Peer 1: 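Would you mind keeping the following structure in view while I ask a few things?
What you see is a predicted model; the values in this text were computed from it and never measured.
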Amino acid sequence: MSFSGEVKEELSRHMPAARHCQIAEIAAVFHMCGKIHRRSDGAFLLKLQTDNLTVARKYFMLIRKTFHVREEVCVRASGEGFRNRVYSVVIMDKEKVVEILQAVKILGTDYHVDGVSLVNRLVVQNVCCKRAFIRGAFLSAGSVSNPEKSYHFEIVLPDRVQAEQLQEMICSFQIDAKIVMRKKNYVVYVKEGSQIVDLLNIMEAHVALMNLENVRIEKEIRNSVNRQVNCEAANIHKTVQAAARQLEDIKYIRDTVGLSELSQGLEDIARLRLEQPDASLKELGALLCPPLGRSGVNHRLRKLGEIAERLREQKEDS
């Protein structure tokens, strides 16, 4: 099962304790994947569709628990093959359909169906209801990538007004949700790993949260180790290059004018570098008598480099 599937599996088992939160989650489900149909007798019929059987069961149980629907609720599967299956939760009881639509503020007392706004703000006025709504929206039209590969959380909506309202709701939890248009849909997405962790906490997917945190910690440790190894490798490379250049300069001085022409301090460090080509500056300084610090050794070697460069220039001019 994919990581996204695991998150939905966990959320499908979560049932809000408060009725107002149950209504908020049902409101999200309906706005994402619900349809209102008029029957031949003029009554409403409510249908919720999903391609995830686990989510369909959650819809079924949520509606039954919240509105005590006992009859004429069914889950239907259509389409051939496992991947092409579409599951529908159908509520046909006339009075219950009206009760549900009025509870989620889609149907007014005058039986007028509201427009395209995502949800009436009365339904999500409490923080707990916002959490429930985001959970329902994710279950209905969301996905989250495998954290081993990348960090990406998204919910796909057909209308920009809906997308902006959901974005506002997510941002109220200090999460930087953005919107992008993909084909004819609007995608509300989050790409920062720590903020996806926060979203999982908001939706109360605590097991998935811990799994994602473990992956993040492992990746951070691995990246930290890689950075340290790369840094050490780069330092070693620089040290080797510097030592090779120092040896080349000292040998040029030796073969051109002789090391004995140098001052005592420069001659000492030059001969020591020839004897200890792999030693660090600190190690070279400790071998001198009296010992010399790293900066002092570096200063003398730099002086030797300048002398070698002058000798090369003099040879070119002559």
Peer 1: Side chains of I36 and F30: closer than 4.5 Å at any heavy-atom pair?
Peer 2: yes
Peer 1: For the atom pair CD1 (I175) and CD1 (I196), what is the distance rounded to the nearest 0.5 Å?
Peer 2: 9.5 Å
Peer 1: Find out whether T66 and R19 are in side-chain contact, i.e. whether some heavy atom of one side chain is under 4.5 Å from a heavy atom of the other.
Peer 2: yes
Peer 1: Got a sec, which residues hit side chain to side chain contact (heavy atoms under 4.5 Å, CB included) with D41, two or more places apart in sequence or on another chain?
Peer 2: R39, A43, K94
Peer 1: So, taking the atom named CD in Q195 and the one named CD1 in I202, what distance separates them when rounded to the nearest 0.5 Å?
Peer 2: 9.5 Å
Peer 1: Please report the interatomic distance CE(M203) to CG(L209), rounded to the nearest 0.5 Å.
Peer 2: 9.5 Å
Peer 1: Identify every side-chain donor-acceptor pair in residues 221-232 under 3.5 Å, counting partners at least two apart or on other chains, and give the distances.
Peer 2:
residue	atom	partner	partner atom	Å
N223	ND2	K219	O	3.2
N226	ND2	R222	O	3.3
N230	ND2	N226	O	3.1

Peer 1: With A244, which residues qualify under side chain to side chain contact (heavy atoms under 4.5 Å, CB included), at least two apart?
Peer 2: none
Peer 1: Let me see the working for R57 and S12 under side chain to side chain contact (heavy atoms under 4.5 Å, CB included), right down to the final yes or no.
Peer 2: CA-CA 8 Å; R57 290 198 189 103; S12 71; over 6 Å; no
Peer 1: Could you tell me the separation between the CG atom of N201 and the CG atom of L212, rounded to the nearest 0.5 Å?
Peer 2: 12.0 Å
Peer 1: Once side chain to side chain contact (heavy atoms under 4.5 Å, CB included) is applied, do any residues pair with S145, and if so which ones, sequence neighbours excluded?
Peer 2: S150, H152
Peer 1: For the hydrophobic clusters of this structure (ILVMFWY residues joined by side-chain heavy atoms under 4.5 Å, transitively), does one cluster hold both M61 and I63?
Peer 2: yes
Peer 1: Around E95, counting heavy atoms of other residues, nucleotides and ligands shown, do more than 12 lie under 6.0 Å from its CD?
Peer 2: no
Peer 1: Looking at residues at least two apart in the chain, or sitting in another chain, which of them share a side chain to side chain contact (heavy atoms under 4.5 Å, CB included) with C33?
Peer 2: V29, Y59, S140
Peer 1: Could you check if a side-chain atom of I91 sits within less than 4.5 angstrom of a side-chain atom of F67, using non-hydrogen atoms only?
Peer 2: no
Peer 1: Can you tell if the side chain of L301 reaches within under 4.5 Å of the side chain of L266, non-hydrogen atoms only?
Peer 2: no
Peer 1: According to a hydrophobic-cluster definition based on side-chain heavy atoms being under 4.5 Å apart (Ile, Leu, Val, Met, Phe, Trp, Tyr only), do V86 and V156 belong together?
Peer 2: no
Peer 1: Shortest non-hydrogen contact from A132 to A24?
Peer 2: CB-CB, 4.2 Å
Peer 1: Show, in sequence, the C-alpha distance, side-chain angles and deciding distance for N211 and V215, and conclude whether the side chain to side chain contact (heavy atoms under 4.5 Å, CB included) test is met.
Peer 2: CA-CA 6 Å; N211 291 339; V215 172; 5.8 Å; no
Peer 1: With rounding to the nearest 0.5 Å, note down the distance linking CD in E10 to CG in L200.
Peer 2: 8.5 Å
Peer 1: Counting distance only, does the side-chain N/O of E25 pair as donor-acceptor with the main-chain N or O of P16 below 3.5 Å?
Peer 2: no
Peer 1: Indicate yes or no: does E99 engage K96 in a salt bridge with an N to O separation below 4.0 Å.
Peer 2: yes
Peer 1: List the atom pairs, donor and acceptor, that lie under 3.5 Å between side-chain atoms in residues 267-274 and the rest of the protein, sequence neighbours left out.
Peer 2:
residue	atom	partner	partner atom	Å
E267	OE2	R271	NE	2.9
E267	OE2	R271	NH2	3.0
D268	OD1	Q264	NE2	2.8
R273	NE	Q246	OE1	3.0
R273	NH1	Q276	O	3.0
R273	NH1	P277	O	3.2
R273	NH1	A279	O	3.0
R273	NH2	Q246	OE1	3.0
R273	NH2	A279	O	3.3

Peer 1: Would you say the side-chain atoms of N126 pair up with the backbone N or O of C129, donor to acceptor, closer than 3.5 Å?
Peer 2: no
Peer 1: Nearest 0.5 Å, please: how far is CE in M15 from SG in C21?
Peer 2: 12.5 Å
Peer 1: Under the 4.5 Å side-chain heavy-atom rule for ILVMFWY, direct or indirect, which residues accompany V207?
Peer 2: none
Peer 1: If Ile, Leu, Val, Met, Phe, Trp and Tyr residues are connected whenever their side-chain heavy atoms lie under 4.5 Å apart, and connections chain through other members, are I250 and L288 in the same group?
Peer 2: yes
Peer 1: Residues sharing L122's hydrophobic cluster, by side-chain heavy-atom contacts under 4.5 Å among ILVMFWY, directly or via others?
Peer 2: none
Peer 1: Mind checking what makes ring pair (Phe, Tyr, Trp, His ring centres under 6.0 Å) contact with F138, not counting sequence neighbours?
Peer 2: F153
Peer 1: Could you give all pairs that pass the side chain to side chain donor-acceptor pair (under 3.5 Å) test and reach residues 286-301, with sequence neighbours left out?
Peer 2: none
Peer 1: If you compare all heavy atoms of A163 against all heavy atoms of V188, which two are closest, and at what distance to 0.1 Å?
Peer 2: O-CG2, 3.5 Å
Peer 1: Side chain of K65, backbone of Q22: donor and acceptor closer than 3.5 Å?
Peer 2: no
Peer 1: Could you name each residue pair satisfying salt bridge (Lys or Arg N to Asp or Glu O under 4.0 Å) that touches residues 201-215, not counting sequence neighbours?
Peer 2: R135-E204, E213-R216
Peer 1: Does the side chain of F133 come within less than 4.5 Å of M169's, by heavy atoms?
Peer 2: yes
Peer 1: Hydrophobic clustering (ILVMFWY, side-chain heavy atoms < 4.5 Å, transitive) - are V98 and V123 grouped together?
Peer 2: yes
Peer 1: Between K47 and G34, is there a donor-acceptor pair closer than 3.5 Å when you use the side chain of the first and the backbone of the second?
Peer 2: no
Peer 1: Between L287 and L292, is there shared hydrophobic-cluster membership here, with clusters defined by ILVMFWY side-chain heavy atoms closer than 4.5 Å?
Peer 2: yes
Peer 1: Assess the residue pair I134 and I170 against the criterion (side chain to side chain contact (heavy atoms under 4.5 Å, CB included)); give the C-alpha distance rounded to whole Å, side-chain angles, the decisive distance to 0.1 Å, and a yes or no.
Peer 2: CA-CA 8 Å; I134 294 169; I170 293 174; 3.9 Å; yes
Peer 1: What are the two closest heavy atoms between V7 and A208, and how far apart are they?
Peer 2: CG2-CB, 3.6 Å
Peer 1: Which one of D93, L101, V90 satisfies the side chain to side chain contact (heavy atoms under 4.5 Å, CB included) criterion with L46?
Peer 2: L101
Peer 1: Before accepting this row, confirm whether a basic side-chain N of the pair E154/R182 lies closer than 4.0 Å to the acidic partner's carboxylate O.
Peer 2: yes
Peer 1: Within the 4.5 Å heavy-atom criterion, are R160 and Y186 side-chain neighbours or not?
Peer 2: yes
Peer 1: Please report the C-alpha distance between E309 and R312 in whole Å, then the side-chain angles of each, then the deciding distance to 0.1 Å, and finally whether the salt bridge (charged side-chain N to carboxylate O under 4.0 Å, His left out) criterion is met.
Peer 2: CA-CA 5 Å; E309 189 61 31; R312 291 187 182 100; 3.7 Å; yes
Peer 1: Let me see the working for R302 and D249 under salt bridge (charged side-chain N to carboxylate O under 4.0 Å, His left out), right down to the final yes or no.
Peer 2: CA-CA 10 Å; R302 193 164 57 247; D249 290 341; over 6 Å; no
Peer 1: Name each donor-acceptor pair under 3.5 Å that joins a side chain in residues 251-259 to protein atoms two or more places apart or in another chain, with its distance.
Peer 2:
residue	atom	partner	partner atom	Å
T256	OG1	Y252	O	2.5

Peer 1: Quick one, D51 and Y87 - any side-chain contact, counting heavy atoms below 4.5 Å?
Peer 2: no
Peer 1: With the side chain counted from C-beta on, respond yes when F3 and V144 share a heavy-atom pair under 4.5 Å apart, and no when they do not.
Peer 2: yes
Peer 1: For side chain to side chain contact (heavy atoms under 4.5 Å, CB included), just list the numbers for E9 and R13, CA-CA rounded to whole Å, side-chain angles, deciding distance to a tenth of an Å, and then say yes or no.
Peer 2: CA-CA 7 Å; E9 177 75 26; R13 296 192 297 270; 3.2 Å; yes
Peer 1: Might you point out which heavy atoms bring A137 and I155 nearest each other, and give the distance in Å?
Peer 2: O-CG2, 3.8 Å
